[in-house]
Amino acid sequence: MTKNVGVLTAGGDTPGLNAALRGLGKSAMYKYDLQLVGFYDGFRGLLHDRSILLDDSTLSGILTIGGTILGTSRDKPHKMDVGGKLQDMRDAMVDTYNRHHLDALVCMGGGGTQKNAYGLMEKGLNIITLPKTIDNDIANTDVTLGFDTALGIATEAIDRLHSTAHSHHRIILVEIMGHNAGWLALGSGIAGGADVILIPEIAYDIHNIADAILDRSRSGKHFSIVAVSEGAMSKEDRKLEKGLVESKQAAKEKKEKEKTRKALEEFYSTQSERTLKLSRELEKLTGLESRVTILGYVQRGGTPSARDRLLGSMIGGSAAALIAKGTSGVMVSVKGQTTKPVKLETVVNKRRKVPTDHLWVETARRVGTCLGD
Ligand code: F6P
């Protein structure tokens, strides 16, 4: 008997999502006798039952297109803004699931989506997730969908910044996304040959960075590229962050909790100002002109790389195969050359950061890149 399957894409978009939707949908149709319905704009579409039948014509011609044909949002099912009030809307989403007689719901997303999907699993839904984020920070998978494309874009940006930094004898700081994980900055920094790479996992001392730049100058290289992960911090800021986190944890009263939460939120929202400040200070310490490029959303836009198209097709197809077998409560993770279902419990509330003894860290050090420590 034909099974009914729902799918949504949630969190920040990534290149390769459409390839995953196509991989899931075409496998569902041609191989596994599943009927697929897509919900628009993440969990909000599931709440409001805004859906579309994903058939051969809807899934045609989308393999190479960036973004997601379904749209996305950062809504959380257990904390939805409904009429200006935060409410737990999971029961209403369960109703949509039942109205469509779904046998499973596939949620494609990053760390937040894995947690939100788990919340729906606790309400009794059959959930399968796919790991998707340019940050590459989802636990229990070797890699996430979208990372390869973003890595290519950031690397190309560093390549392009090289020639202008060289011509003007400047320091150029390039701020790279990645949330609180340094995979994107480290990977593109190594691939693009950045002279300094700053990642959240390694707190930096500005004097070490200035020394590295001055050493280059003394050897006749009067320019430097500094790849700064958006979550990178100086040792002083790391201490400040620790204090803010501790006071948030210690806050007992509701009012205090709100105040400390806001203080931490404010601290994180000023990262680009920290990059600009770092640039000004490096200018003073080295006597070299310094400029900043914030790559921003360009890293998430446009055509997916061949690897992400392949990965999307693979994990989408694997999700269809799992649903046909009746498996649920798992994320389709990538292990080496293959995919493997892993229990959602092993993924939620965890972030995969760059281990400081990772080969990428060692590789950067071996080629003389300054990591700021
Ligand atoms: O998680 C992907 C990501 O692009 C992060 O690298 C970045 O910190 C964040 O999303 C930006 O979020 P938003 O799209 O909500 O501005």
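Side chains are part of it too, since the values below use all heavy atoms of this structure and drop only hydrogens, waters and symmetry mates. In listed order, ligands and their atoms are each counted from 1.
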Q) For Thr149 and Asp308, does a side-chain donor sit closer than 3.5 Å to a side-chain acceptor? A) yes
Q. Between Trp183 and Arg352, is there a cation-pi geometry (under 6.0 Å to ring centre, at most 45° from the normal)?
A. yes
Q: Using distance alone, with no hydrogens and no angle criterion, decide if Ser272 and Glu175 have a side-chain donor and acceptor under 3.5 Å apart.
A: yes
(Q) Less than 4.0 angstrom from a charged side-chain N to a carboxylate O is my criterion; do Glu256 and Lys259 meet it? (A) yes
**Q.** Sole candidate of His166, His169, Arg170, Arg216 that passes side-chain hydrogen bond (donor to acceptor under 3.5 Å, both in side chains) when paired with Ser224
**A.** Arg216
(Q) Show me, by chain and number, every protein residue that has a heavy-atom distance under 4.0 Å to ligand 1. (A) Arg74, Thr133, Ile134, Asp135, Met177, Gly178, His179, Glu230, Tyr297, Arg300
Mind listing the side-chain donor-acceptor pairs of residues 19-40 below 3.5 Å, one per line with the distance, residues two or more places apart or on another chain?
unit_1: Ser27; atom_1: OG; unit_2: Gly23; atom_2: O; d: 2.4
unit_1: Tyr30; atom_1: OH; unit_2: Asp56; atom_2: OD1; d: 2.5
unit_1: Asp33; atom_1: OD1; unit_2: Thr2; atom_2: OG1; d: 3.1

